[in-house]
2 protein chains.
Amino acid sequence: MSDANPAQSRDAEYLAKLQDYYADWKSIPSYAALCEVFGIASKSWVKAILDRLGEAGFLERTPDGMWIPTRQFFARPLAESSVPAGMPVTVSETQGEYFVIDEMLIDTPSKTTLITVKGDSMMNAGIHDGDVAVVEKRNLANVGDIVVAIVDNEFTLKTLDKERGKFVLRPENPAYPVIRPQGTLEIFGVLVGLIRKYRK
Amino acid sequence: MSDANPAQSRDAEYLAKLQDYYADWKSIPSYAALCEVFGIASKSWVKAILDRLGEAGFLERTPDGMWIPTRQFFARPLAESSVPAGMPVTVSETQGEYFVIDEMLIDTPSKTTLITVKGDSMMNAGIHDGDVAVVEKRNLANVGDIVVAIVDNEFTLKTLDKERGKFVLRPENPAYPVIRPQGTLEIFGVLVGLIRKYRK
DNA sequence: TATCGTAAAGAACGGGCGTTCTGTTGTCAA
DNA sequence: TTGACAACAGAACGCCCGTTCTTTACGATA
């Protein structure tokens, strides 16, 4: 039985070196290369280290046996605004360099598009002019979803709703009218995320 | 000489599949595994594809020969919702306005923190409960900036304003009172971005 | 002094991986 | 109908990679 405490022994050093390497190369190298990275000479010990880091939850393996980093490997400081304590601002010194916002918002890159929002018709849903919508392309959506539809050859972002058995597009701003498409409603994609950048 | 046009042939499909795979596993698999991913049967053709994607700038190799993604690999196409024309939905061929979300929102990783927003006191600024605020840590801000301040040992997100020569924190929701701190106002950071994720 | 346990070193091995070469198929132009 | 080319398929090979086993060094413990 080891002490089961993950990154408290010398493994913490090895983890740090691995994180630095990964920041440079975005991959976990072969055991032979890891010998150089870690500064040790035996592949078997490298394997032992990686096995422990795996058990500790920093690494896992693909179905075909490759080592890959886990979410914990990137461990960003994400504070909750409710945290009461004095100054939890530690924000993890040094090797960060890798916010995985992308991963948070995007599941299937090939089906995801970014669209800049124009106008204030979705104001009350907290979607403003200039925001960037993260849209997953598909043509099926549920009532209540915010969708990107194609109306008059333009993209439009609205809430999908149903009125007397027919689909309609409802803006989230009383100043705009509900869109009741005649014929079929062409849905381009579904809103899965939103990004806003404040000018510096 | 090939036509030198990168992701315009069928390679675009292969790139998309690779991107999706990478989103799942954060690694580029062996040629054998790539055969399954791409749906082809010959390793030599897989190598040819990766070589071309490498030339096109989507992949590169580590010193020891492993394939790794480049920045371009993570770039997403950005469309403007105003685009009027027929169907420019072609995912903007070639390099039109690609960008990477992380880079867009974060200038200096070491000074940037993510904070989950609690409550609806900034409702009218389009900032909702559960949104993630991208905050750049510094203690100087201008009137009008949205800042994270420390009040009563808690983070609070408010607009910085001035009243009769003194700084105050103004919520963007009439149901909440303006905060008029006695003594100094401790500013933790300035809001530079906002992220929202819609449940699937 | 003897006995552990930890932290490695080092050898040995079998298989999988990347590479290269050679075929095969379909399509289009001339 | 021929030829050229693109898009793969398939085999063959040598080396490197991951795994396992054995051995060494060293500090703590008793």
Side-chain angles (χ1 to χ4, degrees), chain A residues 1-19 21-22 24-70 73 110, chain B residues 1-19 21-22 24-56 58-70 73 93-94:
Chain A
M1 313 300 100
S2 68
D3 51 28
N5 239 339
Q8 198 159 357
S9 64
R10 178 164 306 137
D11 285 350
E13 292 175 32
Y14 295 134
L15 175 61
K17 287 179 180 175
L18 226 195
Q19 286 169 327
Y21 183 95
Y22 195 94
D24 284 345
W25 298 109
K26 278 165 194 39
S27 74
I28 291 171
S30 70
Y31 286 178
L34 277 173
C35 286
E36 282 197 36
V37 175
F38 288 165
I40 54 185
S42 105
K43 285 192 296 177
S44 58
W45 191 239
V46 167
K47 175 176 156 54
I49 292 169
L50 260 59
D51 282 341
R52 288 200 301 273
L53 291 179
E55 263 188 69
F58 292 97
L59 298 173
E60 52 181 338
R61 306 186 85 148
T62 63
D64 32 322
M66 295 188 67
W67 286 106
I68 56 170
T70 62
F73 185 87
S110 65
Chain B
M1 308 302 102
S2 67
D3 50 29
N5 237 339
Q8 197 158 359
S9 65
R10 180 166 304 136
D11 285 351
E13 291 174 32
Y14 294 134
L15 176 60
K17 287 178 180 175
L18 226 195
Q19 286 169 328
Y21 183 95
Y22 195 94
D24 282 345
W25 297 108
K26 273 158 204 35
S27 74
I28 292 170
S30 69
Y31 286 177
L34 277 173
C35 286
E36 282 197 36
V37 175
F38 287 165
I40 53 188
S42 103
K43 285 191 294 177
S44 58
W45 190 238
V46 167
K47 174 175 156 54
I49 292 169
L50 261 58
D51 283 341
R52 289 200 301 272
L53 291 180
E55 265 188 68
F58 293 98
L59 298 173
E60 52 181 338
R61 306 186 84 148
T62 64
D64 32 319
M66 294 188 69
W67 286 106
I68 56 170
T70 62
F73 184 89
E93 305 296 343
T94 65

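Treat the numbers as computed from the prediction; the structure is a model and nothing was measured.
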Contact state string [nucleotides 9-26 of chain C, B base, S sugar-phosphate only, - no protein heavy atom under 4.0 Å]
BB------SBBBB-----
Between [N] atom [atom2] and [X] atom [atom1], what is the distance in whole Å?
X	N	atom1	atom2	answer
Met66(A)	dC17(D)	CE	C1'	12 Å
Glu13(B)	dA7(D)	CD	P	11 Å
Leu34(A)	dC16(D)	CG	P	17 Å

Classify the angle between the aromatic ring planes of Phe38(A) and Tyr14(A) as parallel (below 30°), tilted (30 to 60°) or perpendicular (above 60°).
tilted
At 4.0 Å (heavy atoms only), tell me whether Phe38(A) reaches a base, stays on the sugar-phosphate, or touches nothing.
nothing
Pairs meeting criterion salt bridge (Lys or Arg N to Asp or Glu O under 4.0 Å) with involvement of residues 33-48 of chain B, two or more places apart:
Lys47(B)-Asp51(B)
Taking only side-chain N and O atoms of Arg10(B), does any of them lie within less than 4.0 angstrom of OP1 or OP2 on dA6(D)?
no
Tell me every residue that passes side-chain hydrogen bond (donor to acceptor under 3.5 Å, both in side chains) with Asp24(B), counting only those two or more places apart in sequence or in another chain.
none
Contacts of Ser110(A) meeting side-chain hydrogen bond (donor to acceptor under 3.5 Å, both in side chains) (sequence neighbours excluded), chain-then-number -> Asp20(B)
All side chain to side chain contact (heavy atoms under 4.5 Å, CB included) counterparts of Val37(B), not counting sequence neighbours:
Lys17(B), Tyr21(B), Leu34(B)
Can you name the residues that form a side chain to side chain contact (heavy atoms under 4.5 Å, CB included) with Ser44(A), not counting sequence neighbours?
Ser42(A)
